[in-house]
2 protein chains.
Amino acid sequence: MNASAKPERTRLSAEDWEDAALKLIADQGVNALAVEALARQLGVTKGSFYWHFRTREALLQAALERWEQYGEREVISQIESMPDPRARLPELFRRVAHELAPHRVYAALLKALDHPQVVPVMARVSQRRMEFLTTIYREAGLDSQEALNRARLTYAAYVGFLQLNFTLGLPRISHDEFDAYVEHMIRTLTPN
Amino acid sequence: MNASAKPERTRLSAEDWEDAALKLIADQGVNALAVEALARQLGVTKGSFYWHFRTREALLQAALERWEQYGEREVISQIESMPDPRARLPELFRRVAHELAPHRVYAALLKALDHPQVVPVMARVSQRRMEFLTTIYREAGLDSQEALNRARLTYAAYVGFLQLNFTLGLPRISHDEFDAYVEHMIRTLTPN
DNA sequence: TCGATACCATACGCATGAGTATGGATTGCG
DNA sequence: CGCAATCCATACTCATGCGTATGGTATCGA
C-alpha cells in the first residue's frame, strides 16, 4: 500500500490524504489538521482535497477509521500465541516500551478527547486493549476482579507515560534508565 | 478572595477574568479559551477585557501562573506532617482519588501539552509532584533508584487515570468499584 | 461637587481557515 | 485519435476570533 510518498508526482488518492492526515496528527495533533496545510505538504491545493472529501470532518473520520483498522493487531496475536502465560506480560511490556513510534497517533488522540469524533474511536480501542490486558492477567493467575483492576492500573500507567514523555519532555530519561524503569514496572505489575 | 461570583453587578478585576478563564479551561479545555466567549459568560464585552489584559496570551499566562501558585500546596504539607511514613502513601492515594475536582484543570492542561505556554508550567508542577512522591517512597523503605522508578510509575498511573476517566468516559466505573480499584492500587504500588 | 481615573460598550479592521464555483489539465478507454 | 471521467488550480464567499479606536459611564478623592 501507498507506492508514492512525496517525491513521485502521480495524482493523489483518498488514502494518500488519510495517511498524510495521520502523519500530521502524530506530529502536531488533531487541532493542526487543516486542509490547506495538508495540501501544501502534499504539493497540491484545496481544489484537490474537495474532490476526494466532502469536508474536513469527513477526512478526519476516514483517517481515524483507517488508524483503528490497521492499528495494532499484530502485537496482540503474537502475544496470544506464546505458550507460557506468565511470560506474556513481560514480553508485552518490553515490546510496547521499545516500539513507541506506532503509539504516537494514540498519544495525539489522547490530547483530543474533547473532540466528539475521536471519543468513540478511542473508547473502542482502549476498551479492546483493556480486555486483552485483563485476559492476560487472568491467565497469569489473578482472579477476575484483581485482573480487571490490575489491567486498569497497567493501562493507566501506559497512557500516563505517553503523556509525560512524548508531549511533555520530563527530565528526558536516558536509554539505560528507561530500560531500568521498564523492568521495575514489570516487577511491580506482574503477579508475584 | 473573590467576593463576587456572577450575580453581583460590581465591576470586574483582572483576577475575575483569570478565575473565569481557569473555570472555562477546566470545563472545555485550553482551546476553548476565547475572549469574546469569556466576556459573554461574565456579562460584559471585549472592551472590558482589553482594559485588563494586553492580549489573550497574557490572560492565559496569568491564569496558568495563578493556578500554579494556589494549586495544591495543602495536600503536600498535610501528608508530610503524618508521623508514620508507611501510612502516608495510602492516605495520599485515597485523598487524591476522592478529591478529583481540583484535578480537572490539570487534566485539561494535560491535553494541551502541545501549547508552548502550558508546557513549562506542567513541567514544573509535575516535577515537584514527582519529587514529592519519590521522597515518600524513600521514607517508606525503597532505595533511591527504586523510589524514583516507583514514583514514575505511580504518577503515570495518576495521569493516565485522569485521561481515561475525566475526558474519555470509559465504562463509567461505579463508586464501589472505584474504591476497590483504589485499594488494589494501594496494595500493588505500596512497598510490601 | 467636580474632575480625573477606572471600567466598559460599540464599531471597526484584519487574518485565518472552511467551503464553493468553475474552468483547465490528465488519464483511461473505445 | 478522441471523448469521458478523473483530478487539480484559481478565485472567490463567508464565518470566526483577535486586536484597535474611540467615546461613554461610573466611582473616588480633593
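Lettering follows sequence order; numbering is per chain, from 1.
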Provide, to the nearest angstrom, the distance between the [atom1] atom belonging to [X] and the [atom2] atom belonging to [N].
| X | N | atom1 | atom2 | answer |
| --- | --- | --- | --- | --- |
| B:L12 | D:dA26 | CG | C1' | 14 Å |
| B:R54 | D:dC18 | CZ | P | 15 Å |
| B:F49 | C:dC8 | CZ | P | 13 Å |
| B:K46 | D:dT22 | NZ | P | 16 Å |
| B:L24 | D:dG17 | CG | P | 12 Å |
| A:L38 | C:dG19 | CG | P | 13 Å |
| B:R56 | D:dT20 | CZ | P | 15 Å |
| A:F53 | C:dG17 | CZ | P | 20 Å |

Nucleotide of [options] approaching [X] most closely (side-chain heavy atoms):
| X | options | value |
| --- | --- | --- |
| A:T45 | C:dC8, D:dT20, D:dT10 | D:dT10 |
| A:W51 | C:dA9, C:dA18, D:dC7 | D:dC7 |
| B:E36 | D:dC8, D:dG17, D:dT20 | D:dG17 |
| B:S48 | D:dC7, C:dA9, D:dG19 | C:dA9 |
| B:Y50 | D:dT20, C:dA18, D:dA9 | D:dT20 |

Problem - Aromatic plane relationship, B:H52 with B:W17 - under 30° parallel, 30 to 60° tilted, over 60° perpendicular - result: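 Correct class here is tilted.
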
Practice task
Hey, can you tell me if A:F178 and A:H98 have their rings parallel, tilted or perpendicular (30° and 60° cut-offs)?
Solution key: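 Rings of A:F178 and A:H98: tilted, 30 to 60°.
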
Exercise for the section: Report yes or no: does A:R56 contribute a side-chain atom to a donor-acceptor pair with the main-chain N or O of A:L33 at less than 3.5 Å? Expected result: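 Between the backbone of A:L33 and the side chain of A:R56 there is a qualifying donor-acceptor contact (under 3.5 Å).
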
Practice task
Examine the base of C:dT27 for any acceptor or donor lying under 3.5 Å from a partner atom in the side chain of A:R11, and report the outcome as yes or no.
Solution key: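 Under the 3.5 Å cut-off, the side chain and the base do not form any donor-acceptor pair.
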
Problem - Neighbour count above 12 (heavy atom, 6.0 Å) for A:E80 CD - result: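 Atom CD in A:E80 is packed in, count exceeds 12.
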
Problem - Charged N-O contact under 4.0 Å between B:E183 and B:R187 - result: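 Judged by the 4.0 Å cut-off on N to carboxylate O distance, B:E183 and B:R187 do not form a salt bridge.
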
Practice task
On DNA chain C, check which nucleotide each of A:G47 and A:R40 is closest to and give me the residue with the more 5' one.
Solution key: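 Nearest-nucleotide comparison on DNA chain C picks A:R40.
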
Practice task
Look at the side-chain N and O atoms of A:H52 and state whether any lies under 4.0 Å from the OP1 or OP2 oxygen of D:dT6.
Solution key: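 Indeed not, no polar side-chain atom of A:H52 lies that close.
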
